[in-house]
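First the proteins, then the strands, lettered A, B, ... as listed; each starts at 1.
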Protein chains: 2
Amino acid sequence: MAQHTDQEAALKIASGRKAFVEPLRLGERLKEIRLANQWTLEDVSQKTGLARSTLSKIENDQISPTFTAVQKLIGGLDIDLPQLLSPPRQQTRTMGRRDMTRRGEGQRHPTPTYEHELLSCELAQKRMIPFKTIVRARHFEEFSEWVRHDGEEFLMVLDGEILLYSEFYEPLRLIAGDSIYFDSDMGHALVSVSEEDATVLSVCTRRENT
Amino acid sequence: MAQHTDQEAALKIASGRKAFVEPLRLGERLKEIRLANQWTLEDVSQKTGLARSTLSKIENDQISPTFTAVQKLIGGLDIDLPQLLSPPRQQTRTMGRRDMTRRGEGQRHPTPTYEHELLSCELAQKRMIPFKTIVRARHFEEFSEWVRHDGEEFLMVLDGEILLYSEFYEPLRLIAGDSIYFDSDMGHALVSVSEEDATVLSVCTRRENT
DNA sequence: ATGTCGTGTTCACAATAGGAAACCAGGTTT
DNA sequence: AAACCTGGTTTCCTATTGTGAACACGACAT
């Protein structure tokens, strides 16, 4: 973790959170694709409608293309985003990473209804997202709409007692030690029903990036 | 002249089924995500480092964000491209399964060193495997060899105190409330060091089907 | 009322991306 | 040699993005 430029560091501080800005060699990748297909800049220009010069600058990381430009690229070259962005298939498993979080030392992230504490957030590129939550909500009405996010979620009540509302089921009462696993794209919402605000531990699957 | 047009048409058909650039309501989608998480423009600004005004204009499709801007978005909000771009991703899975396990009602699975209790084991085809463990081992020597399994593991100490031995690190002392995330193909082993046997909650990723 | 937060939008300007043309190789042809 | 191509880079200049400040609107106080 010593490869941070000042700008990246500043960004981290400014954003207050992780901001794991991956290198994302988009230009490099584009060039790869172009050469792999033996296309010339002019060819690509024809296909995409972008100027030769623009393409050159993108490949050399001299400019950051506009999103419309990216669309023209993926449209014109008939590729898709993942293909453009996932050249670094490095992923090299088995590197033995680890990231420990002491009690209460996670990154706190308050909302009106929940108070989240993200755990192990030093580690990017992980397949699960663990976090502890203090359930501040007391009534279902406090939620403007269902909470939902792609993937699956596992949840265990650590303290207190909650009511789990979900889109397709009756509300479920859970006390400390109880746990539940569910598809998190089904709307859901938690409220505390114990005297003190309940706390739960959740683990979500991260969305697969193809 | 006509030939030129034909050529272009042929090119389109050959190279791009999606010759026309789809609308791609990126702004709309961003707003969805923002509201779904009950974030304000200012919040998102903090998280991403982009100006409030910029975000507003992006949401209202008044500008096409630069790719660096998009990166800041996905980085700051901890989402990924597909999530940002695929609003119609709904109704794919959304089957809303769930599986609840009351405290102590999981499937017990004892070993000499650990006493596992599998949670939510009614549900097949899930991406995570949650289980609670009573750590009976008291000395590292009780393990004949490293525990290791493909994927990643998240672990939180529920009661007591443990020592986490791992292949590439010094032993780590964890007490109730502490948590850790690690690549589980790295050898690991737990021993209780508190008076009573410690209990931990673990969640493992299931082996990928690739 | 008036004030003052907090949220989202709209200025006006600075920063930067996109495009046309000029430029610079290195090959061919003459 | 010089006169071409051809593919890639660089130089302008314009169009657009990105930003801070000002603005408008409500909510909620005083």
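- Formation of a donor-acceptor pair under 3.5 Å by the Ser166(B) side chain with backbone atoms of Phe168(B) is not found in this model.
- Salt-bridge check for Arg136(A) with Glu142(A): failed, with every basic side-chain N at 4.0 Å or more from each acidic carboxylate O.
- Per the geometry, CD belonging to Gln46(A) stands 14 Å off C1' belonging to dG7(D), to the nearest Å.
- The distance between atom CD1 of Ile58(B) and atom C1' of dT17(D), rounded to the nearest whole Å, is 9 Å.
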Taking only N/O atoms, report every protein-nucleotides 24-27 of chain D pair under 3.5 Å with atom names and distance.
none

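- We find that CD1 of Ile63(B) is positioned 15 Å from C1' of dA14(C), with the value rounded to whole Å.
- Between the CG atom of Leu50(A) and the P atom of dT16(D) there is a distance of 14 Å, given to the nearest Å.
- What separates CG of Leu55(A) from P of dT10(D) is a distance of 15 Å, to the nearest Å.
- A donor-acceptor pair is defined here as one N or O able to donate and one able to accept, closer than 3.5 Å; such a pair exists between the side chain of Lys126(B) and the backbone of Ser120(B).
- Five base pairs at each end of the helix from dA1(C)-dT30(D) to dC13(C)-dG18(D) define two local axes, and these are offset by 20° (rounded to 10°).
- Atom pair Gln71(B):CD and dG18(D):C1' shows a separation of 16 Å (rounding to whole Å applied).
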Under 3.5 Å, which N/O atoms of the protein pair with N/O atoms of nucleotides 5-8 of chain C?
{"residue": "dG8(C)", "atom": "OP1", "partner": "Arg34(B)", "partner atom": "NH1", "Å": "3.0"}
{"residue": "dG8(C)", "atom": "OP2", "partner": "Thr40(B)", "partner atom": "OG1", "Å": "2.7"}
{"residue": "dG8(C)", "atom": "OP2", "partner": "Leu41(B)", "partner atom": "N", "Å": "2.7"}
{"residue": "dG8(C)", "atom": "O6", "partner": "Arg52(B)", "partner atom": "NH2", "Å": "3.0"}

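- Between Val147(A) and Thr113(A) the shortest side-chain heavy-atom distance does not fall below 4.5 Å.
- No side-chain donor-acceptor contact under 3.5 Å links Tyr165(A) to the backbone of Val191(A).
- Under 4.0 Å is where a charged nitrogen must lie from a carboxylate oxygen, and between Arg103(A) and Asp178(B) no such pair does.
- No donor-acceptor distance shorter than 3.5 angstrom exists from the side chain of Glu122(A) to the backbone of Asp99(A), with no hydrogens or angles considered.
- If you measure from atom CG of Asp61(B) to atom C1' of dT17(D), you get 14 Å, rounded to the nearest angstrom.
- In this structure, Tyr181(A) has no ring-ring contact (aromatic ring centres under 6.0 Å, His included) partners at least two apart in sequence or on a different chain.
- Atom pair Lys72(A):NZ and dG19(C):C1' shows a separation of 10 Å (rounding to whole Å applied).
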Pair His116(B), Thr133(B) - check side chain to side chain donor-acceptor pair (under 3.5 Å), show working. CA-CA 4 Å; His116(B) 296 300; Thr133(B) 306; 3.0 Å; yes

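- A donor-acceptor pair under 3.5 Å links the side-chain atoms of Arg34(B) to the main chain of Trp39(B), judged by distance alone.
- The closest donor-acceptor contact from the side chain of Thr101(A) to the backbone of Ser179(B) lies at 3.5 Å or more, if one exists at all.
- Under the ring-ring contact (aromatic ring centres under 6.0 Å, His included) criterion, Tyr169(B) pairs with no residue, sequence neighbours left out.
- For the OP1/OP2 pair of dT19(D) and a distance below 4.0 Å, the side-chain nitrogens and oxygens of Thr54(B) include at least one atom meeting the criterion.
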With the criterion being N/O to N/O and under 3.5 Å, what pairs connect the protein with nucleotides 11-13 of chain D, and how long is each?
none

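- The pair Glu32(A)-Arg29(A) meets the salt-bridge criterion, with a side-chain N (NZ, NE, NH1 or NH2) lying under 4.0 Å from an Asp/Glu carboxylate O.
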Take Asp197(B) and Ser192(B) through the test side chain to side chain donor-acceptor pair (under 3.5 Å) and record every step on the way to the result. CA-CA 6 Å; Asp197(B) 288 348; Ser192(B) 285; 4.5 Å; no

